[in-house]
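Structure first, commentary second.
Below, chains carry the letters A, B, ... as their sequence lines are ordered, and counting in each starts from 1. What you see below is based on every heavy atom in this structure, not just the backbone, and it leaves out hydrogens, waters and symmetry mates.
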Protein chains: 4
Amino acid sequence: MSDRERDTGENAPKFRRRKEARPDELLDAALDLFTEQGFDRTTVEQIARRAGVSKGALYLYFPSKDAVIEALVDRAVGPIVGEVVTQIEGYRGDPRVLLKRFAPLFAARMSDPRIVAVPKLVVREAVSHPQLAQMYRERVIGRAVPALTALFRQGSEDGYIRPVDPDMAVRCLLGPVLMHLLLADVFGIRVEGATPGDIGIARLLDAHLSIFFAGLEPAPEQEAPHG
Amino acid sequence: MSDRERDTGENAPKFRRRKEARPDELLDAALDLFTEQGFDRTTVEQIARRAGVSKGALYLYFPSKDAVIEALVDRAVGPIVGEVVTQIEGYRGDPRVLLKRFAPLFAARMSDPRIVAVPKLVVREAVSHPQLAQMYRERVIGRAVPALTALFRQGSEDGYIRPVDPDMAVRCLLGPVLMHLLLADVFGIRVEGATPGDIGIARLLDAHLSIFFAGLEPAPEQEAPHG
Amino acid sequence: MSDRERDTGENAPKFRRRKEARPDELLDAALDLFTEQGFDRTTVEQIARRAGVSKGALYLYFPSKDAVIEALVDRAVGPIVGEVVTQIEGYRGDPRVLLKRFAPLFAARMSDPRIVAVPKLVVREAVSHPQLAQMYRERVIGRAVPALTALFRQGSEDGYIRPVDPDMAVRCLLGPVLMHLLLADVFGIRVEGATPGDIGIARLLDAHLSIFFAGLEPAPEQEAPHG
Amino acid sequence: MSDRERDTGENAPKFRRRKEARPDELLDAALDLFTEQGFDRTTVEQIARRAGVSKGALYLYFPSKDAVIEALVDRAVGPIVGEVVTQIEGYRGDPRVLLKRFAPLFAARMSDPRIVAVPKLVVREAVSHPQLAQMYRERVIGRAVPALTALFRQGSEDGYIRPVDPDMAVRCLLGPVLMHLLLADVFGIRVEGATPGDIGIARLLDAHLSIFFAGLEPAPEQEAPHG
DNA sequence: AATGAATGAGTTTTCATTCAT
DNA sequence: TATGAATGAAAACTCATTCAT
C-alpha cells in the first residue's frame with residue numbers, strides 16, 4: 001500500500017493527479033484481487049473499482065484482462081535477480097560463505113507478502129497463462145539457477161565442498177525455502193512456537209543451511225582447498 | 001486406480017448402464033481436464049464429453065461442478081498415507097535408515113503423473129476451494145508431518161543424528177522433493193542429461209538424501225547412540 | 001390421505017396391490033405438490049416419488065406432465081355440480097329459502113382443503129393451461145351460474161325478492177364466499193376471534209347471507225308474492 | 001403510469017443511454033409478459049427483448065429475475081391506498097354515503113387493465129413468491145381493510161346501519177368486486193348485454209351496492225341515528 | 001408393468017469488451 | 001482521458017421425456 005503512493009510527490013502537476021501512476025495502481029489492485037480470489041474469479045470491474053477508476057479506464061492502459069496479469073508479472077520479474085547474480089557469477093571460494101552472506105537479504109526480501117505474491121500467482125495461473133511461467137523461467141530462474149549451479153560446480157571442483165551434482169545441489173538449496181514460501185499457505189501445518197501462518201522464513205533458513213552446509217562438508221581426510 | 005478399471009473391460013455389457021463405473025470415469029476425465037486447463041476453464045460439458053456421457057448425466061452423480069473437484073481430491077487423498085505412517089510411528093533407530101528404505105517406494109509412487117496431478121491441482125485451486133487444501137492438511141499433511149517430526153525428534157534424542165529442530169528438519173527433508181514434484185513444470189529449467197520435462201525424481205532424491213543425511217551426521221567426538 | 005386408500009379393499013388381488021389405484025395416487029400426490037409449489041416448480045420426479053413410484057411409471061398412466069394436471073382437474077370437476085343444480089332448476093319459491101338450505105352443505109364441502117385446492121390451482125395455472133379454466137367454465141360455472149341466474153329471475157318475477165339484475169345477483173351471492181375461499185390465503189388478513197388462517201367459512205356465510213337476504217327483501221308496500 | 005411515459009417521447013436523445021427510464025420500461029415489459037404467460041414461463045430474454053434491450057442489460061437494473069417481479073409489485077403497491085384511507089378513517093356518518101362516493105373512483109381506477117394486472121399476478125405467483133403477497137397484505141390490505149372495518153363498526157354503533165359483524169361486512173362489501181376483478185377472466189362466464197370479457201365493473205358495482213346497502217338498512221322501528 | 005439412467009434443449013446469470021458521450 | 005451503459009457469448013444447472021432392461 002505504501003509503495004503505491006511512491007512517485008506521487010509534491011512536484012507532480014496538481015490537476016492531473018498521478019496520471020502516470022494509474023497503471024501501477026491498477027496492477028496493485030489486480031495483484032491483491034488475484035491473490036485473494038484467483039485470476040478467473042476476479043472481474044475487471046473489481047480491479048477497476050479497487051484502483052478507484054472505471055471499468056473503461058482500465059482498457060485505456062491495458063488491452064485486455066490477460067494483459068493485466070502479464071504486466072503484473074513483468075513488473076515484478078525485472079528487479080528480482082540483479083546484481084546478486086553478478087556477484088555470484090564473479091565469486092570464487094566456498095559457496096557456503098557467499099550463501100550465508102546472502103541469506104538474510106533473501107529472507108528479508110521474501111518476507112514482503114507482495115513480493116512472494118507474484119510467483120504464487122504464477123504457480124496458480126501457469127496452466128492458463130504459460131507465458132507467465134515462461135517469463136519467470138527466462139528472466140529469473142534461467143539466470144539465478146545457472147549462476148548457482150556454477151557456484152556449486154566451482155566450489156566442488158576447488159574442493160571447498162565435497163563433490164556433488166551441482167544441478168541437484170541447487171535444487172536442494174532452494175527446495176525447502178521455495179516450498180515454504182510458495183506452498184506453506186496451502187499445505188503448511190501449524191508449528192509450535194511459530195507465528196500462526198508463518199513459521200518464520202528466517203528460522204527455516206537457519207535450520208536448513210545448518211544441515212545443508214554440514215552435508216556439503218568435504219571429507220576430513222581430504223586436503224584443504226587447493227592453493 | 002485398480003478398481004477404476006473394474007467393469008470397463010471388453011466384456012462390459014453394452015456401453016450403457018455402467019452406473020457403478022460412471023463416477024470414476026467422470027473423475028478421471030475431470031482430473032485430466034483440470035490439469036490441462038484449470039478448474040475454472042474446464043466446462044462441465046467438456047468433462048461429460050470426455051467421459052463419454054452427456055452433461056446432464058454428470059449431474060446424476062455429482063450435485064455440482066464443485067462437488068466434482070471435491071470428490072476428486074477426496075478419492076485421491078484417502079490411500080496416500082497408509083501403513084507408511086504407522087511404520088514411521090513405530091520406528092526406533094536412525095531416521096536415515098528408515099527414510100532410505102522408503103525413498104524408492106516414494107519415488108516410484110510419485111512418478112505416476114495422475115498421482116501428483118491431484119496435489120498440483122490443490123495448489124492451484126486452493127484459493128477458490130479452501131476445503132481441498134483443508135482435506136489435504138487433515139488427512140495427509142496432518143498425519144505424515146507429525147510422524148516425521150517425531151521420527152527426527154526421536155533420532156535426535158537417541159543420538160542417531162545430531163541435534164536439530166525436528167519441525168524444520170521435516171521441511172528440509174521434503175522441500176526439494178515436493179518443490180520438484182509440484183513446481184517443476186512451472187519453474188523447472190532444463191537440466192543436461194535429463195529427460196526433457198523431468199530431471200528424474202530418483203536422481204534428485206539420491207543427491208538430496210546424500211547431502212541431507214550427511215548434514216545430519218552426529219559430531220564425531222560424540223558418543224555412539226545411547227546403549 | 002384417507003381417501004387415497006379407497007378402492008384397495010381386501011378383495012383386491014394380493015400380488016398386484018391396487019394397480020388400478022395408481023393414477024389416483026399420482027393425482028393426489030400431484031395435487032399436493034402443485035398446491036405447495038405450483039405446477040411449473042413441481043417436477044415429475046417429485047410427483048412420482050410422493051406417490052411411491054418411479055418417474056417412468058408416471059408415464060405409463062399419463063402421456064405428459066400437462067396431462068396430469070388436466071386429469072387432476074377433470075377428476076375434481078365432475079362431481080361438483082350434481083343434483084344440486086337439478087334441485088335449483090326445479091325450484092319455485094323464495095330463492096332465499098333454497099339458498100339457506102344449501103348453505104351448510106356448501107360450507108361443509110368447501111371446508112375440505114383438497115376440494116378447494118383444485119379451483120385455486122386452476123386460478124393460478126389458467127394462464128398457461130387455458131383448458132383447465134375451460135373445463136371449469138363448461139362443467140361447473142356454466143351449469144351452476146345459469147341455474148342460479150334463473151333462480152333469481154324467477155324469484156324476482158314472482159315477487160319473492162325485489163327486482164334485481166339476476167346475473168349480477170348471482171355474482172353478489174357468490175362473490176364474498178368465493179373470494180374468501182380462493183383468495184384468503186393470499187390476501188386474507190387476520191381477524192380477531194378467528195382460527196389463524198381461517199375466519200371460518202360458516203361465519204362469513206352467516207353474515208353474508210344475513211345482509212344479502214335483507215338486501216333482497218321486497219319493498220314493504222309491495223304485494224305479497226302472487227297467489 | 002404518467003411518469004412512466006417520461007423521457008420516452010420522440011425527443012429522446014438517440015435511442016440509447018436512457019438509464020432513468022430503463023427500469024420502468026423493463027417492468028412494463030415484464031408485467032405484460034407475466035400477465036400473458038406467467039412468471040415461470042417468461043424468460044429473461046423475452047423481457048429484455050420486449051423492452052428493447054439485451055438480456056445482459058436487464059441485469060444492470062435488477063439483480064435477478066425474482067427481483068423484477070418484486071420491483072413490479074412494489075412499484076404498483078405504493079400508490080394504491082393513499083388519501084382514500086385517510087378519508088375513510090376520518091369519516092363519521094353513514095358508511096354507505098362515503099362508499100357511494102368512492103365507488104365510481106374505484107370503478108374507474110380498476111378499469112385500467114394494467115392496474116388490476118398486478119394483484120392478479122400476485123394471486124398466481126404467491127405460492128412461489130410469498131413476499132409479493134406479504135407486500136400486498138402489509139401495504140394495501142392491512143391498511144384498507146382495518147379502515148373499512150372501523151367504518152362499519154362506527155356506522156353500526158352510531159345507528160346508521162344495522163348491527164353487523166364489521167369484519168365480515170368488509171368482506172361482503174369487497175367480495176363481489178374483487179372476485180370479478182381477479183377471477184372473472186378465469187371463471188367468468190358470458191353475460192348477455194355485456195362487452196365480451198367484461199360485464200362492466202360499474203354495472204356490477206351498481207347492483208352490488210344496491211343490494212348490499214339495502215341489506216344494511218337499520219330496522220324501521222329503530223330510532224334515527226344517535227342524537 | 002416398472003425402473004431409473006441417460007439425454008439435450010432450455011433457462012438464469014456472469015462478464016470481458018466496446019463505444020457513444 | 002474517462003465513464004458506464006450495453007452487448008452477447010458462454011457456462012452451470014434443470015428437467016420432461018425416452019428407452020433398454
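Evaluation of the side chain to side chain donor-acceptor pair (under 3.5 Å) rule for A:Gln134 yields A:Arg137, A:Glu138 as partners, not counting sequence neighbours. With sequence neighbours left out, C:Tyr59 forms a side-chain contact (heavy atoms from CB on, under 4.5 Å) with C:Val44. With sequence neighbours excluded, the residues that form a side-chain contact (heavy atoms from CB on, under 4.5 Å) with B:Arg50 are B:Ala29, B:Asp32, B:Leu33, B:Glu36. A:Thr42 pairs by the side chain to side chain donor-acceptor pair (under 3.5 Å) definition with A:Gln37, not counting sequence neighbours. Listed by chain and number, the residues in a side-chain contact (heavy atoms from CB on, under 4.5 Å) with D:Ser54 are D:Ala57 (sequence neighbours excluded). The side-chain contact (heavy atoms from CB on, under 4.5 Å) test applied to D:Ala117 returns D:Leu31, D:Thr35, not counting sequence neighbours. Legend: residues meeting side chain to side chain donor-acceptor pair (under 3.5 Å) with C:Lys120, ordered by chain and number and at least two apart, are C:Asp185. Annotation: ring pair (Phe, Tyr, Trp, His ring centres under 6.0 Å) contacts of B:Phe39 (sequence neighbours excluded): B:Phe34, B:His129.
Of the two residues near DNA chain E, C:Ala57 and D:Gly56, the one whose nearest nucleotide lies more 5' is C:Ala57. If you find the closest nucleotide of DNA chain F to A:Leu60 and to D:Leu58, the one lying nearer the 5' end belongs to A:Leu60.
Atom CZ in B:Arg49 sits roughly 13 Å away from atom C1' in E:dT7 (whole-Å rounding). The CD1-C1' distance, from C:Ile47 to E:dA2, rounds to 18 Å in whole Å. A straight line from CG of A:Leu26 to P of F:dT1 spans 13 Å, rounded to a whole angstrom.
Of the residues in residues 63-72 of chain B, those lying under 4.0 Å from DNA chain F by heavy-atom distance are B:Ser64, B:Lys65. Near DNA chain F, meaning a heavy atom under 4.0 Å away, there are no residues from residues 32-46 of chain D.
Applying the salt bridge (Lys or Arg N to Asp or Glu O under 4.0 Å) test to pairs two or more places apart or on separate chains, none has a residue in residues 59-71 of chain B.
A:Lys55 contributes no side-chain N or O that forms a donor-acceptor pair with the base of F:dT3 under 3.5 Å.
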Under the 3.5 Å Watson-Crick or G-U criterion, the dot-bracket string of DNA chain E, with | for inter-strand pairs = .||||||||||||||||||||
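For B:Tyr59, taking side-chain heavy atoms from C-beta onward, the closest of the listed nucleotides E:dT13, F:dA12, F:dT7 is F:dA12.
C:Ala51 and C:Leu26 get closest at one heavy-atom pair: CB-CD2, 3.6 Å.
Contact check, B:Tyr61 against E:dA6: a side-chain N or O comes under 4.0 Å of OP1 or OP2.
The pair C:Arg75-C:Asp28 meets the salt-bridge criterion, since a charged nitrogen lies less than 4.0 angstrom from a carboxylate oxygen.
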